[in-house]
2 protein chains.
Amino acid sequence: MQHTEMLAQLVGGAGFVAALDQSGGSTPAALKALGVGEDMYSNEEEMFALMHAMRVRVLKAPSMNGRRVLGVILFERTMDAQIEAVPVPRFLWQRGIISFVKIDQGLEKDKGGVQLMKPIPGLDSLLSRARSRDVLGTKMRSVINVASHRGIGDVVRQQFELANHILDQRLVPIIEPEVNIASATRDECEKILLGELSNALDGQSYGRRVVLKLTPPVTDGLYAPLIAHPNCARVLALSGGLSQEAACAALARNRGMIASFSRALLQDLRVQMDDAEFNETLGRAVERIYLASTIKQLG
Amino acid sequence: MQHTEMLAQLVGGAGFVAALDQSGGSTPAALKALGVGEDMYSNEEEMFALMHAMRVRVLKAPSMNGRRVLGVILFERTMDAQIEAVPVPRFLWQRGIISFVKIDQGLEKDKGGVQLMKPIPGLDSLLSRARSRDVLGTKMRSVINVASHRGIGDVVRQQFELANHILDQRLVPIIEPEVNIASATRDECEKILLGELSNALDGQSYGRRVVLKLTPPVTDGLYAPLIAHPNCARVLALSGGLSQEAACAALARNRGMIASFSRALLQDLRVQMDDAEFNETLGRAVERIYLASTIKQLG
């Protein structure tokens with residue numbers, strides 16, 4: 001029943017998905033944006049500890065609850081951690097929030113205009129741990145830089161191969177083929193991607209639904225056929241380096257897409273803030289992204 | 001493409017569905033509630049003309065647009081009519097609203113605790129007319145009065161048999177097995193109905209999605225498995241004789257359900273109002289039902 005309730009929330013709930021899965025190479029930059037300079041840690045372990053503390057602060061904030069935030073995408077270490085002696089995904093579900101875990105290990109170098117995902121050693125053990133921890137699904141990201149039919153086909157093929165493996169493990173995959181917002185041929189990339197995703201969804205057998213996480217398209221409403229597709233559980237929008245304001249504006253022009261923002265959610269938070277200011281700042285961001293996701297109103 | 005855009009709006013749009021399909025036996029009562037006494041018409045044709053005029057007034061109101069109202073359920077005569085020399089469904093789609101047409105011809109007498117639908121003569125001609133007029137789908141209603149497994153099974157079987165015929169005609173069926181809000185065994189009715197609907201949805205083959213229109217259940221969130229089901233495009237809530245305030249409150253307790261209200265939408269409108277008052281009154285109702293459908297906020 002818990003799985004069904006989580007799925008109903010994902011498919012039909014009003015709200016958005018918070019992405020708290022920055023990791024690896026992007027951690028120093030993420031920390032810097034949060035007011036944590038490189039002088040404030042002396043090794044990787046300390047760096048991860050600071051990032052983890054910041055994530056816990058976010059996850060414990062009063063605005064992070066299932067009435068606004070349908071789900072959270074967690075970094076693997078966060079999934080394995082506890083808050084107030086409760087495993088993080090269970091802590092979140094007690095507040096009405098579904099958990100997803102980021103599974104990819106970063107990107108290959110650009111080849112033919114796209115960046116595929118690196119191999120993921122230990123994937124099955126991660127998936128089985130996720131399932132045992134009340135995690136509903138996974139997230140994995142590739143990048144599209146150039147409007148190449150072949151390259152975009154490769155990206156979608158790799159994503160769906162992995163997605164089907166994840167579905168076999170009874171988890172719901174979030175497929176994120178990010179179109180680089182700086183691409184000179186972005187509109188064309190998005191139209192090719194729409195075709196490839198439509199074909200891939202057509203090829204899924206009954207009941208094997210996936211979630212898509214996409215760059216809000218240049219052409220408003222472009223992804224309507226994906227939103228309408230019976231094998232698509234929900235369509236999320238990434239913020240792709242846009243500011244909160246710009247990301248919300250792009251999202252609000254696309255009906256049926258809800259946010260899954262990372263930097264655009266956390267941009268105004270600083271580690272130096274006291275709890276009141278921190279929670280109020282996050283609360284404002286949550287409300288604004290919630291309204292842009294649901295009733296497409298800009299705050 | 002139009003069909004896909006309509007479907008995406010139905011599946012993923014923020015908003016609700018207005019039910020303007022009162023007809024036949026319920027017209028005098030509907031007119032009376034709108035301030036039109038039986039002394040104001042002398043035969044059936046005049047009565048229908050008054051009702052039609054009222055519906056046109058509603059459909060032309062500024063608040064009736066696709067940003068709030070995803071769809072409208074029309075009475076057959078309204079579907080065949082024109083507004084400003086444009087067929088009504090096309091007039092509505094120009095304002096971003098999807099059309100459905102009510103197809104049932106009313107209810108049989110109670111038998112075994114339920115009321116099945118009467119035979120529908122001329123159904124195929126109605127369906128083909130609907131399709132030619134840019135109508136996305138249909139609506140049909142039966143009623144459940146008593147918690148009888150056999151009776152509720154019969155209701156669901158009849159609904160899905162017809163639904164599959166409608167799907168064959170490339171229209172999207174709204175299935176409305178209304179649980180009588182006054183039933184002494186309402187909670188039990190709803191639990192049996194959930195089981196029967198789940199089985200029926202399981203039995204649908206791939207891509208043959210239906211819309212469900214249900215009484216907001218006594219047990220909050222009861223219908224989550226239907227909302228999560230891959231063969232369910234959307235779950236609507238009927239107002240079943242509740243006031244706007246009570247219907248919105250019941251709806252707001254059920255995440256993933258959106259309104260499809262009739263009386264609860266129109267309750268404060270009177271034929272005697274001038275356009276400004278009429279449009280303002282309807283606008284307030286639309287806003288209130290919109291917020292209860294989407295962000296579950298009560299106005």
Side-chain angles (χ1 to χ4, degrees), chain A residues 1-16 66-68 70 96 98 136 172 194 198 201-210 212 220-236 251-252 254-258 287 290-297, chain B residues 1-16 66-68 70 96 98 136 172 194 198 201-210 212 220-236 251-252 254-258 287 290-297:
Chain A
M1 189 59 194
Q2 178 178 290
H3 185 270
T4 302
E5 275 171 31
M6 288 178 174
L7 202 54
Q9 173 158 320
L10 172 66
V11 169
F16 71 96
R67 302 310 303 174
R68 295 283 181 275
L70 300 178
I98 305 162
L136 181 68
V172 179
L194 170 63
S198 296
L201 288 173
D202 286 347
Q204 287 295 97
S205 51
Y206 169 67
R208 290 174 74 83
R209 281 189 294 180
V210 302
L212 300 173
D220 294 343
L222 180 72
Y223 294 137
L226 307 175
I227 293 163
H229 201 290
N231 280 331
C232 178
R234 197 108 199 204
V235 181
L236 314 181
L251 173 60
N254 284 281
R255 199 169 197 178
M257 290 182 88
I258 62 172
E287 197 62 20
Y290 175 65
L291 294 178
S293 295
T294 53
I295 59 177
K296 303 299 177 184
Q297 187 179 296
Chain B
M1 190 58 194
Q2 178 178 291
H3 186 269
T4 302
E5 275 172 29
M6 288 180 174
L7 202 55
Q9 173 158 321
L10 172 67
V11 169
F16 71 95
R67 302 311 303 174
R68 296 281 181 276
L70 300 178
I98 304 162
L136 182 68
V172 180
L194 170 63
S198 297
L201 288 173
D202 286 347
Q204 287 296 96
S205 51
Y206 169 67
R208 290 175 74 84
R209 282 188 294 179
V210 302
L212 300 172
D220 294 343
L222 180 71
Y223 294 136
L226 307 176
I227 294 163
H229 201 289
N231 280 331
C232 179
R234 197 104 200 207
V235 181
L236 314 181
L251 172 60
N254 284 281
R255 199 170 198 179
M257 290 180 90
I258 62 171
E287 197 62 21
Y290 174 66
L291 294 177
S293 294
T294 53
I295 60 177
K296 303 300 178 185
Q297 187 179 294

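Quick note on labels: first sequence line is chain A, next is B, and so on, each numbered from 1.
Here the CD1-CG distance, from B:Ile227 to A:Leu10, works out to 12.5 Å after rounding to the nearest 0.5 Å. In this structure, CD1 on A:Ile295 lies 7.5 Å from CD on B:Glu287, to the nearest 0.5 angstrom.
Chain A forms more heavy-atom pairs under 4.5 Å with one residue of B:Val11, B:Asn231, B:Leu7 than with any other, namely B:Asn231.
Note: B:Tyr206 and A:His229 have tilted aromatic rings, judged against thresholds of 30 and 60 degrees for the angle between ring planes.
Counting all heavy atoms, side chain and backbone alike, A:Pro230 lies closest to B:Gly207 at CG-CA, 4.2 Å. Scanning both residues, B:Ala224 and A:Ala8, for their nearest heavy atoms gives O-CB, 3.3 Å.
Using a 4.5 Å cut-off between heavy atoms, A:Tyr223 makes no contact with chain B at all. Looking at A:Arg234, neither its backbone nor its side chain comes within 4.5 Å of chain B, counting heavy atoms on both sides.
In this structure, the side chain of B:Arg255 engages the main chain of A:Ala14 through a donor-acceptor pair within 3.5 Å.
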